[in-house]
Q: 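Before anything else, here's the structure in question.
On a predicted model such as this, the values are computed, not experimentally measured, just so you know. Within every chain, numbering begins at 1; the chains are lettered A, B, ... in the order of the sequence lines, protein sequences first and strands thereafter.
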Number of protein chains: 2
Amino acid sequence: MATGRNHRPATRSRGIPEATVARLPLYLRALTALSERSVPTVSSEELAAAAGVNSAKLRKDFSYLGSYGTRGVGYDVEYLVYQISRELGLTQDWPVVIVGIGNLGAALANYGGFASRGFRVAALIDADPSMTGKQVAGMGVSHVDDLEEIIQVNGVSIGVITTPGGAAQQVCDRLVAAGVTSILNFAPTVLTVPEGVDVRKVDLSIELQILAFHEQRKAADELAGNGARVPTAARRRAARADEGPEGDIPAVMPA
Amino acid sequence: MATGRNHRPATRSRGIPEATVARLPLYLRALTALSERSVPTVSSEELAAAAGVNSAKLRKDFSYLGSYGTRGVGYDVEYLVYQISRELGLTQDWPVVIVGIGNLGAALANYGGFASRGFRVAALIDADPSMTGKQVAGMGVSHVDDLEEIIQVNGVSIGVITTPGGAAQQVCDRLVAAGVTSILNFAPTVLTVPEGVDVRKVDLSIELQILAFHEQRKAADELAGNGARVPTAARRRAARADEGPEGDIPAVMPA
DNA sequence: CAATCTTTGTGCACGCGTTCACAAAGGCAT
DNA sequence: ATGCCTTTGTGAACGCGTGCACAAAGATTG
């Protein structure tokens, strides 16, 4: 390698698949752990195992960032940590606001992993006047009336919504109007946002329902005689669930 | 969709695509809202709008469940609520345990949406002896020593892990050994589980990093002169970020 | 310097998921 | 009953993501 950096950006920053972007934080976490153990280099096979993915996938993912590996050796851990951090935008500081300081909002405010990597809680905001000024995670709670000013003064572009579902869209609209262009939504609501604003949602109840679906399927399989796969609590449930997924009558029939 | 292991022959779940399963809870939520407003029928177009998806996708999703619509009219709301609930396994009760009663675990225990739909918190478990017996969300905290017994007595097949990252795999192993076959993981760790166990992960820091990536890209676009799309805080950030994504020197160079 | 060994980077094929577009089906008015 | 109008259900095309398998590249050894 003659020069360490002679790649043209034309093909690069535009072409990273979304699926790859979603895995970069995973790689970064594994690499950080290696870095803390002062491991100098790592092969795609090892790193893939640590991140829980296929090694070919990992190599292809890295290939979108550039050719940062050395054949016959592997990847330089420190260098890769830096490259991925830079690609993810973690070399700069991202102030975020959390709106809705209930149980969940307070828990997130206290969450250490928040500040660890480029993210900084700029403000906690709540609509309840009795919350205003209270200390949560060593920080005063602001009233939602000041939302716009807080966003603008701090240059916040990422907002976290932990309000009840009913208030989420309203809060979202205000955040967006004030200049926020990325939203992490914990409220059980489908948010509507203008073009150019990114929303990611975290929904406990959806996750549980997906698990329940698979759990039910497993239980049905057990009942069907495909027993002895894993000694499970599901088997107990299966025995208890008399109505199979196909065996009962709808409570309500269509007209 | 996240198992810790490479091989994933699963996903042939009785013919319903995984992507569809993941959307069913969304439809169910929208339908429940309609049901509460006593709306008798709904078209795929309306429901799709409420759920934030494409109407053709919604119709195809429903087609995997059967032909529950009426051409020229739409879908019977109550009937569909029942069918989806049944498909997701929500007509039965799912006891869950939450392991790790810190800020997040306590917040989840208090979360109303938990019990709302088929899920019931059977126990709160923590490793800290000083937590044992304390009341959280109107429920006593159990010690982790009793984990296996709690799982078995209550027939728990779904576990929620809200421990620190370091303890997650250990807790996971014990849950699985005791019979749990579905795990919702909030700890920032890649869990390794045996075949037949489902893991879904919720990772705040990963979500934020993905948002940061897109945010950085937007800021770069703004700098490049594609201004005037949305009046954003990102523009302020873009102006402030002197080093563009291509313009600085790595802190660490490879050997 | 040449041979060997390790590991990357990627061409290729395959399968899943999404979307379009439309025929079939049912309701409704006349 | 007949024709019109609405909406479903789905065939087909397309694009994305994944994983295999291998050639190229560099390190290493004698």
Q: Round to the nearest Å and state the distance from A:K57 atom NZ to C:dG11 atom P.
A: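 Going from A:K57 (NZ) to C:dG11 (P), I get 19 Å.
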Q: Return the value, rounded to whole Å, for the distance between atom CG of A:L80 and atom C1' of C:dT8.
A: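 In whole Å, C:dT8 C1' and A:L80 CG are 13 Å from each other.
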Q: Between C:dT18, C:dG9, C:dC20, which one does the side chain of A:Y75 approach most closely?
A: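 Selected nucleotide (nearest to the side chain): C:dG9.
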Q: If we only count heavy atoms from C-beta on, is the A:K201 to A:I206 side-chain gap below 4.5 Å?
A: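 SC-SC contact between A:K201 and A:I206 confirmed.
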Q: State which of C:dT10, C:dG27, D:dT18 makes the closest approach to the side chain of B:V73.
A: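 In terms of side-chain proximity for B:V73, the closest of C:dT10, C:dG27, D:dT18 is C:dG27.
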Q: Is the shortest side-chain N to carboxylate O distance from B:D203 to A:R29 below 4.0 Å?
A: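 A salt bridge links B:D203 with A:R29.
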Q: Could you pick out which residue, A:P17 or B:G72, lies toward the 5' side of DNA chain D when each is mapped onto its nearest nucleotide?
A: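 Here B:G72 is the residue nearer the 5' end.
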Q: Could you go through B:Q169 and B:T189, starting from their C-alpha distance and side-chain angles, then the distance that decides it, and tell me whether this counts as side-chain hydrogen bond (donor to acceptor under 3.5 Å, both in side chains)?
A: CA-CA 8 Å; B:Q169 182 65 57; B:T189 314; over 6 Å; no
Q: Between B:K60 and D:dT10, is there a side-chain N or O to OP1/OP2 distance below 4.0 Å?
A: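 The answer is no; no side-chain N or O of B:K60 sits under 4.0 Å from OP1 or OP2.
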Q: Check every atom of C:dG26, D:dG9, D:dG17 against the side chain of B:T70 and return the nucleotide holding the closest atom.
A: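 Side chain of B:T70 sits closest to C:dG26.
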Q: If the cut-off is 4.0 Å, is A:N54 near the phosphate of D:dG17, judged by side-chain N/O to OP1 or OP2?
A: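 Checking A:N54 against D:dG17: no side-chain N or O falls below 4.0 Å of OP1 or OP2.
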Q: Can you tell me if the side-chain N/O atoms of A:S43 get under 4.0 Å from OP1 or OP2 in C:dT7?
A: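 For A:S43, the contact criterion (side-chain N or O under 4.0 Å from OP1 or OP2 of C:dT7) is not met.
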Q: Would you say the base of D:dT7 and the side-chain of B:R71 have a donor-acceptor pair closer than 3.5 Å?
A: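 Under the 3.5 Å cut-off, the side chain and the base do not form any donor-acceptor pair.
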Q: Say whether, by atom type as modelled, one donor and one acceptor occur between the side chain of A:S43 and the main chain of A:E46 under 3.5 angstrom.
A: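 Checked: pair present.
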Q: Taking the side chain as every heavy atom from C-beta outward, state whether B:I158 and A:L208 have any atom pair closer than 4.5 Å.
A: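 Touching, per the 4.5 Å side-chain cut-off.
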Q: Please classify the nucleic acid contact of B:S67 as base, sugar-phosphate, or nothing, using heavy-atom distances under 4.0 Å.
A: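 Sugar-phosphate contact only.
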Q: Measure from CG on A:L65 to C1' on C:dT10 and round the result to the nearest Å.
A: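 Distance check: A:L65 CG to C:dT10 C1' gives 15 Å.
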Q: In whole Å, what is the span from the CG atom of A:D61 to the C1' atom of C:dT8?
A: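 Distance, rounded to whole Å: 14 Å.
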Q: Please report, rounded to the nearest Å, how far the P atom of C:dC16 is from the CD atom of A:E18.
A: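 After rounding, the reported distance stands at 22 Å.
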Q: From the options C:dA21, D:dT18, C:dT8, select the nucleotide whose nearest atom is closest to the side chain of A:R59.
A: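 Of all the options, the side chain of A:R59 is nearest to C:dT8.
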